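All values derive from a computational prediction rather than experimental measurement. Protein chains get the first letters and strands the later ones, always in sequence-line order, with residue 1 at the start of each.
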2 protein chains.
Amino acid sequence: MSTTKPTKSPYHHGDLRRAVLTAALDVIAADGPSGLSLRDLARRAGVSHAAPAHHFKDRTGLLTAIAAEGFGLLAATIAEAVDLKDAGVRYVRFAREHPAHFQVMFAPELLREGDLELTTARALASEALGGAVSAVPPEGRGPDARLAGVAAWSLAHGFATLLLGHNLDGAVGEREPEEVFRVLAGMLFRSG
Amino acid sequence: MSTTKPTKSPYHHGDLRRAVLTAALDVIAADGPSGLSLRDLARRAGVSHAAPAHHFKDRTGLLTAIAAEGFGLLAATIAEAVDLKDAGVRYVRFAREHPAHFQVMFAPELLREGDLELTTARALASEALGGAVSAVPPEGRGPDARLAGVAAWSLAHGFATLLLGHNLDGAVGEREPEEVFRVLAGMLFRSG
DNA sequence: GGGCAATCTTGTCAGTGTCAAGTTGTGGAA
DNA sequence: TTCCACAACTTGACACTGACAAGATTGCCC
């Protein structure tokens, strides 16, 4: 409480956009996107009920901004992967560390599909994933490279999704989910 | 329009529960669970705004009923699978034929987790999936049978989810999604 | 210093979920 | 057949929400 929160709330928040985003991520991680309320976010940030709309236009705009940010973060971490298995592990780790982003990114009915930031960020992530797939030597990925990518993505996405939904609690147990996924990825591509 | 829809709407709808469920499935398939409104469903069924609540208690109750129905349907089709690959294909087909059920089934924050019907239906589906996994000969499923099940489920679930989100439109193209998945499943378990 | 645009507030409207209380119809017991 | 208890549905109300319009405040740039 050194620099932030002056005694009397000033007219200008300072970084309301970020504050609303962060609060929204908290709420979504706890209650899902359906638990999100712009007015609640406004209260949390200590501003009037209509203030958030000025930064995000509307609820869809806020969720679209979250999805775009998520795709950017995902693209960044996938781009650093050393091979496809590592990319999968990073995908799973991303879902665990950014569950709110992850949920919103794959809920198209909540997003403004035409949005430019969203489109470019998603393209970036797709590109990073494609790079990880093409790094696999041809003999290790079967006849169709396109399908190898779909298989890897499906496995990672399914594992991450089921994990976040607590559908794998029993099977994963005390182990680190990323390590479990490493085994699954080994099943899909013989060499690794 | 032979037996249904009498000219003057009678006080008792006849099968309001089913009518609301069906309408809800339509709405969810089109706009997702967030587009669902009890009052809208009531209007579609031609009843007063509070009538649906009498059958489902509240919004959560309606969605829970849908999820339970979904798990029942899924369990039934998985139970008929001849092997694990077929079970995966049926999983994908279920997601395509019942997209609304599928979405709701795996949105835990929208459901009443304690619900008895939900719990039993989900257990039934889990049991059916376990049966399909245990039908695979030990040499074909790797060291850990539990993980083989997780791998199969993750692959099918991820593929189905990405498919419904239109994330695989380019990769799948004109092919039947079930056939594409058959190839993916072949990558995961060498023999098939 | 003056104006201007971004930021935030206030007020309002239609729509929603949920609850409480009343109304209507149905099926089963007497 | 009559009647009554219960299920199905209606009506009315309240608090909450997203969205919009119009006004107030403030920092910034010329």
Side-chain angles (χ1 to χ4, degrees), chain A residues 3-24 26-28 30-67 104 107 109-112 115, chain B residues 3-24 26-28 30-67 104 107 109-112 115:
Chain A
T3 63
T4 56
K5 196 179 184 185
T7 43
K8 277 305 179 73
S9 60
Y11 203 96
H12 283 45
H13 177 281
D15 196 1
L16 181 58
R17 186 186 156 90
R18 190 67 249 171
V20 169
L21 275 174
T22 305
D26 282 351
V27 172
I28 295 171
D31 299 340
S34 58
L36 201 68
S37 150
L38 289 183
R39 290 174 108 105
D40 177 49
L41 297 179
R43 280 189 292 266
R44 290 175 184 239
V47 294
S48 78
H49 64 221
H54 200 270
H55 291 271
F56 301 101
K57 167 91 176 168
D58 55 12
R59 226 182 91 103
T60 303
L62 169 58
L63 291 166
T64 301
I66 290 175
V104 173
E109 70 273 7
L110 300 179
L111 308 178
R112 186 127 39 221
D115 186 82
Chain B
T3 63
T4 57
K5 196 178 184 184
T7 42
K8 275 304 178 74
S9 61
Y11 202 94
H12 283 44
H13 177 281
D15 196 1
L16 180 58
R17 187 186 155 89
R18 189 67 248 171
V20 168
L21 275 174
T22 306
D26 283 351
V27 172
I28 295 171
D31 299 340
S34 59
L36 200 69
S37 150
L38 290 182
R39 290 175 108 105
D40 178 48
L41 298 179
R43 280 189 292 268
R44 290 175 185 237
V47 295
S48 78
H49 65 213
H54 201 271
H55 291 272
F56 301 102
K57 166 94 174 165
D58 55 12
R59 225 183 93 104
T60 304
L62 169 59
L63 291 166
T64 301
I66 290 175
V104 174
E109 71 273 5
L110 299 179
L111 308 178
R112 186 125 40 219
D115 186 83

Rounded distance (Å) that lies between atom C1' of C/dT24 and atom CG of B/L16: 15 Å
Minimum heavy-atom distance between A/A19 and A/H13, given as atom pair plus value: CB-CE1, 3.7 Å
Where at least one partner belongs to residues 44-62 of chain B, residue pairs that pass salt bridge (charged side-chain N to carboxylate O under 4.0 Å, His left out), sequence neighbours excluded: B/D40-B/R44, B/D58-B/R112
Distance, nearest 0.5 Å, that separates OG of A/S48 from CZ of A/R39: 9.5 Å
Atom pair OG1/CG of A/T60 and A/L110 - distance to nearest 0.5 Å: 7.5 Å
Side chain to side chain contact (heavy atoms under 4.5 Å, CB included) evaluation trace for B/H55 with B/L16: CA-CA 8 Å; B/H55 291 272; B/L16 180 58; 3.8 Å; yes
Close side-chain approach of A/L36 to A/L63, heavy-atom, < 4.5 Å: yes
Atom pairs, protein N/O to nucleotides 10-15 of chain C N/O, distance under 3.5 Å:
{"residue": "C/dG11", "atom": "O6", "partner": "A/H49", "partner atom": "NE2", "Å": "2.8"}

Position toward the 5' end of DNA chain D (nearest nucleotide), B/V47 or A/L38: B/V47
Qualifying residue, where the test is side-chain contact (heavy atoms from CB on, under 4.5 Å) with B/L41 and the options are B/D26, B/L62, B/L21: B/L62
Spacing of OG1 belonging to A/T64 relative to CG belonging to A/L111, to within rounding of 0.5 Å: 5.0 Å
Rounded interatomic separation in angstrom, taking CG from B/L36 and C1' from C/dG17: 12 Å
Close approaches to DNA chain C from residues 52-65 of chain B, in residue order (heavy atom, under 4.0 Å): B/D58, B/R59
